[in-house]
Amino acid sequence: MKTQIEGLLAAALEALGDQLPQDVAPEARVERTRDPRHGDFATNVALALAKPAGRNPRELAQLVVANLPASELVDEVSIAGPGFINFRLSKTAFEQEVRAVLERGADYGRSASGAGRSVIVEFVSANPTGPLHVGHGRHAAYGASVANLLAATGHEVHREYYVNDAGRQMDILAASVWLRYLEALGESFAFPANGYRGGYVQPIADQLVAQEHDRLRRPAAEVFRDLPPDAPEGDQDEYIDAVVARMRELLGEEDYRKVHALGLQEILADIRDDLAEFGVTFDRWFSERSLTELGLVAECIDRLQSDGHVYERDGALWFRASELGDEKDRVVVRDNGQTTYIASDIAYHLGKRQRGHDLLLDILGADHHGYVARVRAGLEAMGEPGDSLEVRLVQFAVLYRGGEKVQMSTRSGEFVTLRELREEVGNDAARLFYVLRSNDQHLDFDLELAKSRSNENPVYYIQYAHARVRSVFRQATEKGLGWTPAAGASGLALLDSAHERALMASLGRYPEMVELAAANRAPQNIVHYLRELAQEFHTWYNAETFLVDDAGVRAGRLALAEATRQVIANGLALVGVGAPDSM
RNA sequence: GCGCCCGUAGCUCAGCUGGAUAGAGCGUUGGCCUCCGGAGCCAAAGGUCAGAGGUUCGAAUCCUCUCGGGCGCGCCA
């Protein structure tokens with residue numbers, strides 16, 4: 001609808017030709033009005049052009065209006081306030097839009113505005129050292145919704161999970177698995193303070209027992225001989241690193257790798273299943289280790305070196321990030337010869353560009369904001385545009401049960417997992433609650449509210465509207481009242497209540513909402529829109545009976561109801577929430 | 001100390017990249033089922049958009065400062 005108005009306006013400006021400044025000011029736009037008394041759409045072109053044209057805005061507005069081509073879509077054009085041009089659309093325009101919803105079905109709201117643009121969305125990317133917790137759930141829901149929005153607007157979208165399988169945390173996981181294995185075989189000792197103590201480690205250790213029996217068993221006395229003290233007397237980090245080193249020494253690299261791989265494989269499988277059940281899938285799980293194994297990190301460092309972007313100091317190799325917008329220079333190769341995560345990240349992001357993606361969209365935790373300048377500097381050093389990287393930060397989610405905050409601590413292994421949350425409140429409620437708030441706003445996630453079956457809960461409120469339409473159609477069938485889209489389309493002309501007109505107008509806004517939400521990476525726009533749409537539907541439902549005797553009116557009302565259902569279903573799909581036939 | 005994010009109704013939050021009289025939900029108060037699903041609807045009350053400057057036809061929105069909250073500032077990822 002908006003595009004059609006823009007078309008009319010463009011024609012008018014064209015007709016005026018050189019009577020106006022050549023360049024239409026970029027801030028000149030066609031927008032929805034907020035107040036229905038101002039019609040349906042308004043444009044500020046006259047205001048925007050007044051200054052460059054050196055003319056009175058109202059006078060300009062009259063000129064524009066006089067040159068607007070006639071259209072059956074517009075009932076009235078008026079000039080208001082300082083020089084706004086208001087358009088009141090015709091009933092025909094609204095009916096046409098409802099027909100478009102019925103014709104395009106699940107495709108209604110999709111556009112090609114992003115066609116030809118390839119976006120790689122990286123999200124979740126949680127360390128595979130344990131199950132996902134509720135914070136990761138927010139990343140998953142947000143990232144998946146944004147990816148859906150981009151796909152719906154025609155972008156070519158690639159979803160990726162970066163697997164941090166190369167770092168120290170993974171070594172600690174391997175050690176934790178092995179120690180639980182030793183315990184299972186009867187060794188006894190104090191579990192390291194900084195090891196992974198969560199219950200999920202045990203089944204992996206048990207599997208190791210089943211596979212290897214006691215082949216990897218070593219006496220505890222040998223394992224812990226002459227290690228530095230653990231916390232609280234000593235340093236827990238130093239201690240756990242010593243345990244890892246001892247493990248590698250006692251098992252040898254091959255068997256060490258075996259345990260490491262088992263831990264990684266099991267936890268990743270769990271994460272993958274968890275996300276899949278949550279409706280979140282990836283096109284690729286990208287291994288950090290593969291970057292090193294394929295020599296891409298080394299290649300990247302070579303390039304930095306030959307282009308003069310690095311220097312040596314204190315035995316380490318430093319990247320001149322501060323010359324490219326970062327706060328300080330960063331170590332890419334440590335004094336022990338190991339590359340740092342920054343080197344991997346640069347290689348990884350460069351690879352994303354080399355794979356042909358125009359936009360690299362990273363969804364990261366708010367605590368990673370310092371990382372942005374680093375990677376951007378890296379991309380620029382590699383000759384890639386810094387603005388090809390876009391980062392959206394997701395703020396923390398805090399769980400509440402009723403009014404009580406649910407305490408969590410990763411350290412003790414006492415955190416609520418995403419799986420537990422999903423089992424408690426259901427996937428639909430979880431998906432919707434996670435994207436209800438703007439990503440850069442802290443989220444208070446109330447478990448009781450998410451479970452409640454009342455109008456406090458937007459999930460049920462929106463789904464209920466969808467189910468109600470289905471129910472009405474079931475009733476119609478039972479009463480032997482048939483309905484066809486064709487009959488519905490012609491029946492629309494018979495609808496003229498304020499509720500019906502308002503509902504039609506809201507349906508027509510959907511494509512703009514998708515466009516907007518995609519551009520702003522703001523799935524909450526869709527949720528809020530759906531809530532309003534459901535509200536208008538419920539209001540209409542209470543005010544009017546659909547299954548009336550007059551076949552024409554009945555067909556029209558069913559058409560409008562069906563179109564509403566379709567848009568609700570389309571919108572819910574974007575945020576990964578189901579549209580049930582009954583509840 | 002420096003950097004990033006946030007501050008909107010009693011509570012939880014929207015606010016369409018600067019538009020016309022700032023909106024929802026909950027909560028509070030008062031109404032609506034012989035009728036397609038009451039998991040619903042209608043109505044009322046509730047605001048110095050943290051504060052102060054600035055930019056302009058026009059600011060919750062953009063800029064500066066102040067106050068308050070969160071998060072960063074490793075040869076960890």
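Naming convention: chains lettered A, B, ... in sequence-line order (proteins, then strands); numbering from 1 in each chain.
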Just checking A:R554: base, sugar-phosphate only, or nothing, at a heavy-atom cut-off of under 4.0 Å? nothing

Atom-pair distance (CG on A:L317; C1' on B:C75), nearest Å: 11 Å

Does one side chain, of A:E312 or A:W318, offer a donor that lies under 3.5 Å from an acceptor on the other? no

Using a heavy-atom cut-off of 4.0 Å across all strands, would you classify A:E544 as base, sugar-phosphate, or nothing? base

Hey, does the side chain of A:D428 reach the backbone of A:G578 with a donor-acceptor pair shorter than 3.5 angstrom? yes

Is A:D165 reaching over with its side chain to a backbone N or O of A:R289, donor-acceptor style, under 3.5 angstrom? yes

When you measure from the side chain of A:N542, which nucleotide among B:C76, B:A24, B:C41 comes out closest? B:C41

Report which part of the nucleic acid A:D335 touches: base, sugar-phosphate, or nothing (heavy-atom distance under 4.0 Å, all strands). base

Check this one for me: any side-chain N or O of A:R334 less than 4.0 Å away from OP1 or OP2 of B:C76? yes

State plainly whether the residues A:E515 and A:K2 are in salt-bridge range, i.e. N to O under 4.0 Å. no

Both A:N336 and A:D440 contact RNA chain B. Which one's nearest nucleotide lies toward the 5' end? A:D440

Between the base of B:A20 and the side chain of A:N86, is there a donor and acceptor pair under 3.5 angstrom? yes

Within the pair A:Y461 and B:C41, is there a side-chain N or O less than 4.0 Å away from OP1 or OP2? yes

Per the side chain to side chain contact (heavy atoms under 4.5 Å, CB included) rule, which among A:V243, A:D235, A:D241, A:D237 passes with A:Y239? A:V243

So that I can compare with my own list, what are the stems of RNA chain B, taken as at least three consecutive Watson-Crick or G-U pairs with distances under 3.5 Å? B:1-7 with B:67-73, B:10-13 with B:23-26, B:28-32 with B:40-44, B:50-54 with B:62-66

Mind checking if A:Q169 touches a base, just sugar-phosphate, or nothing, with heavy atoms under 4.0 Å? nothing

Do A:T129 and A:Q169 have side-chain atoms, one donor and one acceptor, less than 3.5 Å apart? no

So, does A:R330 use its side chain to make a donor-acceptor pair with the main chain of A:F319 at under 3.5 Å? no

Check: protein-nucleotides 15-17 of chain B nitrogen or oxygen pairs below 3.5 Å:
{"from": "B:G15", "atom 1": "OP1", "to": "A:Q524", "atom 2": "NE2", "distance (Å)": "3.4"}
{"from": "B:G15", "atom 1": "OP1", "to": "A:N525", "atom 2": "ND2", "distance (Å)": "3.1"}
{"from": "B:C16", "atom 1": "N4", "to": "A:R34", "atom 2": "NE", "distance (Å)": "2.9"}

Touch check for A:Y541, heavy atoms < 4.0 angstrom, all strands: base, sugar-phosphate only, or nothing? base

Taking any heavy-atom pair under 4.0 Å as a contact, classify A:A42: base, sugar-phosphate, or nothing. base

What pairs of nitrogen or oxygen atoms, one from the protein and one from nucleotides 42-46 of chain B, lie under 3.5 Å apart?
{"from": "B:C42", "atom 1": "OP1", "to": "A:T539", "atom 2": "OG1", "distance (Å)": "2.8"}

Check every strand shown and say whether A:E288 touches a base, only sugar-phosphate, or nothing at a heavy-atom separation below 4.0 Å. sugar-phosphate

Whether over 12 other heavy atoms sit under 6.0 Å from A:D549 CG: no

Which part of the nucleic acid, if any, lies within contact of A:F396, taking any heavy atom under 4.0 Å across all strands shown: a base, the sugar-phosphate backbone alone, or nothing? sugar-phosphate

What interatomic distance, in whole Å, is found between C1' of B:C35 and the corresponding atom of B:A22? 39 Å

Decide whether a cation-pi geometry holds between A:R509 and A:Y529; the criteria are a distance under 6.0 Å from NZ or CZ to the six-membered ring centre and an angle within 45° of the ring axis. no

Can a donor-acceptor pair be found between the side chains of A:D362 and A:Y162 at a distance below 3.5 Å? no

Is a side-chain donor or acceptor of A:T340 paired with a backbone partner of A:V331 at a separation under 3.5 angstrom? yes

A:K328 vs B:G74: side-chain N/O to OP1/OP2 distance below 4.0 Å: yes

Tell me whether A:T484 contacts the main-chain N or O of A:A487 through its side chain, where contact means a donor paired with an acceptor under 3.5 Å. yes

Tell me if the side-chain of A:Y460 makes a donor-acceptor pair with the base of B:A39, cut-off 3.5 Å, by modelled atom types. no

Which part of the nucleic acid does A:Q395 contact within heavy-atom distance under 4.0 Å: base, sugar-phosphate only, or nothing? sugar-phosphate

Any side-chain donor-acceptor pair under 3.5 Å between A:Q338 and A:R334? yes

Between A:F87 (CZ) and B:A20 (C1'), how many Å, whole number? 16 Å

Does A:H369 reach a base, just sugar-phosphate, or nothing at all? Heavy atoms under 4.0 Å. base

So what does A:A366 hit on the nucleic acid, given a heavy-atom distance under 4.0 Å: a base, only sugar-phosphate, or nothing? sugar-phosphate

